[in-house]
Amino acid sequence: MNKFILLIGLFVFSNIFSQEIPSYKDITSELINPENSLNIEFSLYNSDFFIIIENDIKMSRYLDVDLCAVLKSNFETNKTIQEIILKYELLKVIYVLKEEQLVRIDSKEEIKSPLYWITIKYKVEKHSRLVLLPVFEKNTSEQILNDFSKLFPNQNCFSILQSKL
């Protein structure tokens, strides 16, 4: 009986961690769907600097990180965030984590170091997703941060992030 329970447990455990990487098409359609509750994190590459935008569905808490701000989002701000994502074509390059390694799902190109990461966590049906959108260009970066600072006025974290680039 114990072997049977162990075998079932091993099967369930292996199915949880052997889930397929979501397709590029699935991720892009999910990220632009206003119904999805997005939790966003801006983080500098190789740094402890974070800006977190939480929505109604909190995905995790952050320990031992230098948080600049935890901002609150809602359905309207999420729609604007999705517009910003589309405006700056941030969905051209998408990474996901698989077995604690970054995997690029939009192409087979090599992973490059960005200026900073925009990490998005959200739920779809029964699954939680975590995608990473890199920002490479300084000019585009400044425009993105300006748009976010307009969306969340009276927050100096976006200008601090800009000065750290």
Side-chain angles (χ1 to χ4, degrees), residues 21-60 62 65-98 100-125 127-165:
I21 293 175
S23 73
Y24 178 75
K25 182 180 176 184
D26 288 345
I27 294 286
T28 54
S29 65
E30 291 163 1
L31 286 176
I32 60 172
N33 182 354
E35 298 301 316
N36 285 336
S37 180
L38 303 180
N39 290 277
I40 310 226
E41 170 188 302
F42 287 81
S43 58
L44 277 175
Y45 187 71
N46 287 334
S47 171
D48 288 338
F49 183 86
F50 287 90
I51 301 170
I52 296 172
I53 303 170
E54 288 184 343
N55 206 312
D56 53 340
I57 301 174
K58 293 182 181 178
M59 303 292 283
S60 65
Y62 300 85
V65 292
D66 184 18
L67 289 176
C68 184
V70 177
L71 309 172
K72 293 294 179 193
S73 182
N74 57 36
F75 183 78
E76 289 304 315
T77 53
N78 263 353
K79 284 190 348 187
T80 306
I81 289 168
Q82 288 159 329
E83 290 168 8
I84 292 170
I85 288 170
L86 292 175
K87 177 180 173 182
Y88 295 105
E89 300 177 340
L90 294 175
L91 298 180
K92 278 187 173 180
V93 179
I94 299 176
Y95 297 109
V96 295
L97 282 174
K98 182 173 183 177
E100 299 196 24
Q101 292 204 338
L102 283 179
V103 176
R104 187 168 173 173
I105 63 168
D106 60 295
S107 75
K108 301 292 182 203
E109 288 183 40
E110 192 175 303
I111 295 173
K112 300 174 189 169
S113 299
L115 291 172
Y116 61 88
W117 295 103
I118 298 175
T119 306
I120 301 177
K121 300 173 188 174
Y122 61 100
K123 287 194 177 201
V124 178
E125 297 167 2
H127 303 289
S128 294
R129 296 241 205 264
L130 175 103
V131 297
L132 293 96
L133 309 176
V135 180
F136 297 107
E137 298 173 11
K138 187 146 177 106
N139 206 17
T140 304
S141 170
E142 291 171 354
Q143 294 169 355
I144 293 168
L145 294 174
N146 283 336
D147 284 357
F148 271 93
S149 66
K150 290 175 190 166
L151 184 60
F152 296 98
N154 304 320
Q155 294 294 329
N156 66 346
C157 284
F158 295 104
S159 59
I160 291 171
L161 176 57
Q162 198 166 353
S163 70
K164 289 181 175 264
L165 296 179

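Heavy atoms only: backbone and side chains are in, while hydrogens, waters and symmetry mates are out.
Contact check for L91 versus I32: side-chain heavy atoms found under the 4.5 Å cut-off. Side chains of I85 and I120 form a contact here, defined as non-hydrogen atoms less than 4.5 Å apart. Annotation: side chain of L38 is in contact with side chain of L31 (closest heavy-atom distance under 4.5 Å). The closest side-chain heavy-atom distance from L165 to L145 is below 4.5 Å. Considering only heavy atoms from C-beta on, F152 comes within 4.5 Å of I53 through its side chain.
The ring-ring contact (aromatic ring centres under 6.0 Å, His included) pairs that include a residue from residues 130-150 are F42-F148, F148-F158, where partners are two or more places apart or lie in different chains. Residues in residues 82-92 take part in these salt bridge (Lys or Arg N to Asp or Glu O under 4.0 Å) pairs, two or more places apart or across chains: K87-D147, E89-K92. Annotation: salt bridge (Lys or Arg N to Asp or Glu O under 4.0 Å) contacts involving residues 25-40, sequence neighbours excluded, comprise E30-R129. Applying the salt bridge (Lys or Arg N to Asp or Glu O under 4.0 Å) definition to pairs two or more places apart or across chains, none involves residues 132-146.
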Would you mind writing out the side-chain donor-acceptor pairs for residues 104-114 within the sub-3.5 Å range, not counting sequence neighbours?
residue : atom : partner : partner atom : Å
R104    : NE   : D106    : OD1          : 2.9
R104    : NE   : D106    : OD2          : 3.2
R104    : NE   : S107    : OG           : 3.3
R104    : NH2  : D106    : OD2          : 3.0
D106    : OD1  : I94     : N            : 3.1
S107    : OG   : E109    : N            : 3.2
S113    : OG   : Y45     : OH           : 3.2

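Listed by chain and number, the residues in a salt bridge (charged side-chain N to carboxylate O under 4.0 Å, His left out) with K79 are E76 (sequence neighbours excluded). The ring pair (Phe, Tyr, Trp, His ring centres under 6.0 Å) search around Y95 returns W117, not counting sequence neighbours. Partners of N74 according to the side chain to side chain donor-acceptor pair (under 3.5 Å) rule, which considers only residues two or more places apart in sequence or in another chain, are T77. Applying the side chain to side chain contact (heavy atoms under 4.5 Å, CB included) test to L130 and every residue at least two apart in sequence or in another chain returns L97, T119, K121, L132. S29 pairs by the side chain to side chain donor-acceptor pair (under 3.5 Å) definition with nothing, not counting sequence neighbours.
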**Prompt:** Given Y116 and I144, is the side chain to side chain contact (heavy atoms under 4.5 Å, CB included) satisfied, shown in steps?
**Reply:** CA-CA 12 Å; Y116 61 88; I144 293 168; 3.9 Å; yes

